[in-house]
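Computed from heavy atoms alone, side chains included, the values below leave out hydrogens, waters and symmetry copies. Both counts, for ligands and for their atoms, begin at 1 and track the order of listing.
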Amino acid sequence: MSAVFLKFVHIIAIAGWSAGLICLPFLYLQRRRLGGDSLHRLHNFTRFFYVALVSPAAFVAVGSGIVLIFLQATFAPWFSVKLALVAAMVIIHVTSGVVILRLFEAGQSYPTWRFVAVSTVTIAVIAAILVTVLGKPEWTIPAGLEHFFAPGALGEALGDLIAWSR
Ligand code: HEM
């Protein structure tokens, strides 16, 4: 039951995070037409949207996902691919925050090519995560790398380095 509830929370948070990352470039695009009071209002709203809505949704999505790992014991190759794609989503999230810091300074604007590029990459990453998670493809670890991914392999590889912990 707790896993079902947590998955529900995970999916709601993911919907909020993904929607937020897709919407942010639309807000950045509005900046070039504005000045004075309207610019301050857009700045205020964009910061609120990022800090109070999108970032908490990202924290809840990642936090609930981490707890789900322990409840569902998801140790399959598709899950490693999903986590790599989630890392890309986190990078998009952080760079979006850096854009907000600079965009509202005098003389700045958000070019259309950047809007198209960022929106395309964001939608592609989110779609790839959903296809991976919902399809759960039966990927296998390439021959020769099985030993590297076996449980305890990191401990063996770093044996001397972490000997103090024994
Ligand atoms: C660090 C971040 C994340 C972690 C650790 C994580 C972990 C997990 C785990 C363990 C499950 C349960 C898998 C299963 O039932 O076999 C799950 C389900 C799911 N995750 Fe994530 N997740 C993360 C982020 C995301 C993101 C960013 C998305 C989408 C954009 C996403 C989409 C989903 C979906 C749709 C499910 C339900 C899959 C199903 O029930 O078949 N997750 N997640």
Side-chain angles (χ1 to χ4, degrees), residues 1-30 45-103 110-143 145-158 161-162 165:
M1 184 58 202
S2 57
V4 174
F5 174 71
L6 214 62
K7 215 180 252 193
F8 178 74
V9 172
H10 189 58
I11 288 169
I12 298 283
I14 282 154
W17 186 20
S18 306
L21 289 187
I22 292 169
C23 287
L24 278 166
F26 282 94
L27 288 173
Y28 302 158
L29 206 57
Q30 307 304 315
F45 177 74
T46 309
R47 284 183 82 116
F48 171 79
F49 188 66
Y50 185 84
V51 173
L53 299 177
V54 186
S55 297
F59 275 107
V60 174
V62 172
S64 56
I66 290 170
V67 180
L68 270 171
I69 295 176
F70 296 99
L71 293 179
Q72 305 277 110
T74 320
F75 307 123
W78 65 263
F79 190 69
S80 307
V81 173
K82 171 188 170 165
L83 288 187
L85 290 164
V86 171
M89 217 170 140
V90 170
I91 291 170
I92 293 169
H93 185 98
V94 173
T95 47
S96 209
V98 175
V99 168
I100 298 175
L101 291 179
R102 300 225 183 102
L103 187 64
Y110 197 71
T112 310
W113 68 263
R114 197 162 169 188
F115 163 78
V116 173
V118 171
S119 299
T120 308
V121 171
T122 306
I123 291 170
V125 168
I126 293 168
I129 296 176
L130 291 178
V131 168
T132 306
V133 170
L134 298 177
K136 296 187 175 54
E138 297 274 328
W139 284 319
T140 47
I141 297 167
L145 288 179
E146 295 100 337
H147 180 69
F148 184 71
F149 284 101
L154 192 62
E156 279 172 30
L158 301 178
L161 206 64
I162 57 173
S165 66

Please report the shortest heavy-atom distance between Ala13 and Ala61, naming the atom on each side. CB-N, 3.5 Å

Which protein non-hydrogen atom lies closest to [atom], naming both residue and atom, and how far is it?
| atom | answer |
| --- | --- |
| atom 12 (C) of ligand 1 | Gln72 CG, 3.9 Å |
| atom 40 (O) of ligand 1 | Lys7 NZ, 2.8 Å |
| atom 13 (C) of ligand 1 | Thr74 OG1, 3.8 Å |
| atom 1 (C) of ligand 1 | Val62 CG1, 3.6 Å |

Could you please tell me which protein N, O or S atoms lie under 2.8 Å from atom 21 (Fe) of ligand 1? His10 NE2, Lys82 NZ

Just jot down the ligand 1 atoms closer than 4.0 angstrom to any heavy atom of Phe79, in number order. 7 (C), 8 (C), 9 (C), 10 (C)

Provide the number and element of each atom of ligand 1 under 4.0 Å from a heavy atom of Trp17. 27 (C)

For residues 49-56, which side-chain N or O atoms pair as donor and acceptor with protein atoms under 3.5 Å away, sequence neighbours left out?
unit_1 : atom_1 : unit_2 : atom_2 : d
Tyr50  : OH     : His93  : O      : 2.7
Tyr50  : OH     : His93  : NE2    : 3.4
Ser55  : OG     : Tyr50  : O      : 2.8
Ser55  : OG     : His93  : NE2    : 3.1

Once side chain to side chain donor-acceptor pair (under 3.5 Å) is applied, do any residues pair with Ser64, and if so which ones, sequence neighbours excluded? His10

Please report the interatomic distance [atom1]([X]) to [atom2]([Y]), rounded to the nearest 0.5 Å.
| X | Y | atom1 | atom2 | answer |
| --- | --- | --- | --- | --- |
| Ile129 | Ile14 | CD1 | CD1 | 8.0 Å |
| Ile100 | Arg47 | CD1 | CZ | 7.5 Å |
| Leu6 | Leu68 | CG | CG | 4.5 Å |

Please compare Leu21, Leu85, Ile69 and report which has the shortest non-hydrogen distance to atom 10 (C) of ligand 1. Ile69

Looking only at non-hydrogen atoms, the one of Met89, Lys136, His93 nearest atom 27 (C) of ligand 1 is Met89

Side-chain contact test, heavy atoms from C-beta onward, threshold under 4.5 Å: evaluate it for Tyr28 versus Arg114 and give yes or no. no

As a quick check of understanding, evaluate side-chain contact (heavy atoms from CB on, under 4.5 Å) for Thr95 and Val99, giving each step before the final call. CA-CA 6 Å; Thr95 47; Val99 168; 5.6 Å; no

Between the side chain of Ser119 and the main-chain N/O of Val116, is any donor-acceptor distance below 3.5 Å? no

Which donor-acceptor pairs under 3.5 Å do side chains of residues 131-140 form with protein atoms, sequence neighbours excluded?
unit_1 : atom_1 : unit_2 : atom_2 : d
Thr132 : OG1    : Ala128 : O      : 2.6
Lys136 : NZ     : Val133 : O      : 3.2

